Visitor: 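A single structure is presented below for examination.
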Amino acid sequence: MTRDGGDRDRRGGRGQRALDGLDEDIRDHLERVTQDNIDRGMTPEEARRQALLAFGNVTLVKEDTRAVWIRIWLEQLRQDIRYAWRTLRRSPGFAAIVILTLGLGIGANTAIFSLMDQVMLRALPVDRPEELALIDAPGIYQGRTTGTQVMSVPMFRGLSAAKEADVLSGVFARFDVRATIGVGNSGAGSPGSPGSSAASSTERGFAELVSGNYFRTLGVGTALGRTLGPEDDRVPGAHPVVVLSHAYWQRRFGGDAGVLGRDIRINGHVMTIVGVAQPGFNGVDLGAPVDLFVPLMMKPALTPTWNDLDSWRSRWVTVMGRLAPGVSHDRVAAALNVRYRQLLHEDVQTARVTGSERDQFLRKNLQVMAGGRGKSAFRDQFATPLIVVMAMVGLVLIVACANVANLMLARSAARQKDVALRLALGASRWRIVRQRLAESVVLAAGGTVVGLLIASWTTRLLIQMLPFERAARALSSELDIRVVGFALAAAAATVLLFGLAPALQARSAAALTTALKETGRVAGGGSQAGFRKALVIAQVALSMLLLAGAGLFARSLHNLRGLDPGFVPDNLLHFSLDSSRSGYTRERSIALAKTLQEQLRMLPGVTSVSMAVVPAMTDRQSLQTVRVQGYEPAEGEDMSPAINLVGPDYFEALGVPLVMGRAFAPGDDERAPLVAIVNQSMAKHFWPGKHPIGRRFSANSRQPEGAVEVVGVVRDAKFANLRGDIPRFFYIPLLQAQTIDAMTFYVRTRPGIGDPFAAVRQTVQRLDPGLPVLDMKSMEQQVSDTLFPERLVALLAVFFGVLATVLAAIGLYGVMSYTVSRRTREIGLRMALGAARASVLWMVLREVVTLTTAGILLGVPAALAVSRLIESQLFGLSSTDPLTLAFAAIVLTLIALSAGYLPAWRATRIDPMIALRTE
Amino acid sequence: MSTKQEKERIELLQGTLDMLILRTLRIGPSHGHAIAKAIEQGSDDVLLVEQGSLYPALHRLIKRGWITFEDGTSENNRRAKFYRLTPLGRKQLDIETGRWDKMSAAIARILRPARETGR
């Protein structure tokens, strides 16, 4: 006999111990009976049969035995919860405050988690997403690159032929592209014929060009019709078929099953709808849900100005594959690299590279990365802000829990006599702890319900705030099982955080029984007050952390806002025309640009109008490799400055001053000599200390050396966004552009008349009613949109910082009120002995200052340590910015003092006579 | 599973099993199989214990604090639970035995005259 059965054990634990080894006990029992039977002369089989017969149904016995314990446990749980419910109903104010506090905390956490889950955690809604891999070909390259982590189509074809290495069960390529979609009226006799365009509407949509095994490799099926297969991906331009996304089908066609076989015009090309993809699948980029899936071979129709289906010198497709079962990324990379090296030898033949560059080129390796969550620039942009905000709301939840714990302790102090009475009547201490916990569980359950409501509402609000219409479409504010699961887990965590301390306090206070003997004063109050003060210090420290973060983010946003972008965003309106996708040739686009410039300039209040191919402040940037006459690039030097094709008056319209030379004139057209304007950074880089006007360079491989002459220099200006550094930049006249894909128009007005949105739109529509006016916005709005992640983080940081501080102030107020009420007699005595009111006031406030200072002293090093993690998110200030820390500390101290002032003031109002008489 | 065997056997009344277990354990700690055997043999094999029902009963008694258990090794060197009477259980046994005596005497007084008149 080794272990003691243990009368000391609690009920729950003892049940578990008794049930341990039940199976073994029963087996042992049966074997013994069998043995007895054998001893009586039965055969072993008969002996076993009789033993089982005498025992009865083994499973049933086990169930009955377990039920002995479960029933009592459930019964007690029911009792505890009912008791908790009754006690809480007696103090609805307390319950409401706690539930609301927890609801805010859980709600904020759930809302952010919901977004984080959708943006960062969730896998693509495809078959076994964990097997998907993204294949990237990084390293030196020569040619045009569209997007990130992309390859040329010949390279993709070469690699997909290599899957005999049986490390991949499938490979596909895809490319995301804008499209002008025209849907004819369903009754139209000959859909797609030019005459029917009046009866139909055009709109901007998004298409994904996909290679033949896209759907098969992803394991995505259809809701209707068929998917696209290898048979749709053979001859360029010969497969005019599309599959709609389920969401687009619902939105545009109301889920009409009759769409199959119907025609749709994409950039003016008639294509046939052959299927609708399975619900929930919107392509492999979660920030860019697509409306249509089109065979890769239809690229000429989707991008009228460039084809590149056979060019090694243009990288634009994302390549993904599905790993064969049990194959690691490393093995795939090793197997594919063998083939990749062979393909590179073919690739390098058309590349214009020097000898050492050639070696580097041939030494490149493929990279194979997890692709189960697809690929998303949106995710890359929002991952860090989301993590930061998630950390903030986590801290807020802790502060909220500390507050609730504080309230619960104050309440349990008031109920100590009640507890002592019940202990005296024979209630077990464990049972009382459980009852306390049950109360916490009921409160947390209430908090979860409120939290889920707040979460659903907050998520919807945040999604509506997103200035990225397309990404917002991919996000949902619905509370799915994962989100609800998270809320429940958060609630369970809060029970541990706020419920355990008061519950254990009820248990550990063995001296409680003495509470019965003491009449008015409460035993154990001293240690309890100490614990509550510790909670307040922790709250102040966490608030300090959050306020410091809020200060850093707010000042960083302020710095970005106050930044001189180098152009004038006020009184500037812009919009885009997707001319090439609406059937415009280069010549028609140029004619359109000229006419629009003239007509828009005549609108009242308009001072200048211009246009450019690459839109400003959209995070887009086009790079072009140059060869500069008389400039010898260093080994590995980046020779690709940013380029834009701009119309006449562009710099005037944007408010970028010319510092040298001349601006583009209407005469700088295709018949005139090629000219360029460069920014100061480019001039300084290539011609340091020299006069840049008249210098020459060539801007693409087809141009002869020095074909372009620099005629002007403009001041450096931010272009893609406010945050980034200003790159070397050069501008080419729009009239000298070889192709025009799309144009963004800029309309500057006189200050004070407002942006003439309607007049501009009418002007465009009068010229061509079939040409959609896209993204019309004021430039100020556009600039502000690029700052959205920063604005969002700053806004939430300030909100949660203030919330945490208010919660901490409430906690402080509660503790100080409690302290003052406990010291009523002592204060009364002091006053009776002649203490001045001011000294009583100071006595209480001194404690407030002590608590706050302790919190701040703990909070500052924590803030310094944590803020280093957000350094990369800040702009124009250091993460250890002393001013911000000081500001946070001062704000906290002021709020703490005002929270402590009321109890302190009340202390000075104590009437010594009354105080001394009360027990 | 109360198939009749060679002798006529009586099934136990609800609750009486608990009392018999307590009585058996009064002699000393014992494991499950031994308790079942003791009850059957002690009653000269008249009382039929459906042996499986012993286990819920044992756990019920543990829960009420009337018996407790210890993990030990049995004579054939196997792990087994040994059940032992607690002081509370001993008191309970006394109460139950007293109640049983009173009840069986009362029932006997009623039944015996009735049977005589019936004959």
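Residue numbers begin at 1 in each chain, while the letters A, B, ... track the order of the sequences. Everything numeric in this text was worked out from a predicted model, so none of it was measured.
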Visitor: Mark yes when over 12 heavy atoms from residues, nucleotides or ligands other than B:I95 sit less than 6.0 Å from its CD1; otherwise mark no.
Guide: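 Yes, CD1 of B:I95 has more than 12 neighbouring heavy atoms, counting only those of other groups under 6.0 Å.
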Visitor: Could you grab the distance from atom CZ of A:R66 to atom NE2 of B:H59, nearest 0.5 Å is fine?
Guide: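 A:R66 atom CZ to B:H59 atom NE2 measures 9.5 Å (nearest 0.5 Å).
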Visitor: If we only count heavy atoms from C-beta on, is the A:D36 to B:K37 side-chain gap below 4.5 Å?
Guide: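 Result yes, sub-4.5 Å side-chain heavy-atom pair found.
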Visitor: Among A:V58, A:I26, A:D25, which residue has the highest count of heavy-atom pairs closer than 4.5 Å to chain B?
Guide: A:D25
Visitor: Between B:H31 and A:R32, does the side-chain contact (heavy atoms from CB on, under 4.5 Å) criterion hold? Intermediate values first, please.
Guide: CA-CA 11 Å; B:H31 53 76; A:R32 284 164 193 269; 3.0 Å; yes
Visitor: Counting only non-hydrogen atoms closer than 4.5 Å, does A:L19 touch chain B with its backbone (N, CA, C, O), its side chain (CB onward), both, or neither?
Guide: both
Visitor: Could you tell me how the ring of B:Y55 sits relative to the ring of A:F55: parallel (under 30°), tilted (30 to 60°) or perpendicular (over 60°)?
Guide: tilted
Visitor: Roughly how far apart are A:L30 CG and B:H33 NE2, rounded to 0.5 Å?
Guide: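 Between A:L30 CG and B:H33 NE2, I get 9.5 Å after rounding to 0.5 Å.
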Visitor: Mind checking whether A:V61 and B:S53 have side chains closer than 4.5 Å, heavy atoms only?
Guide: no
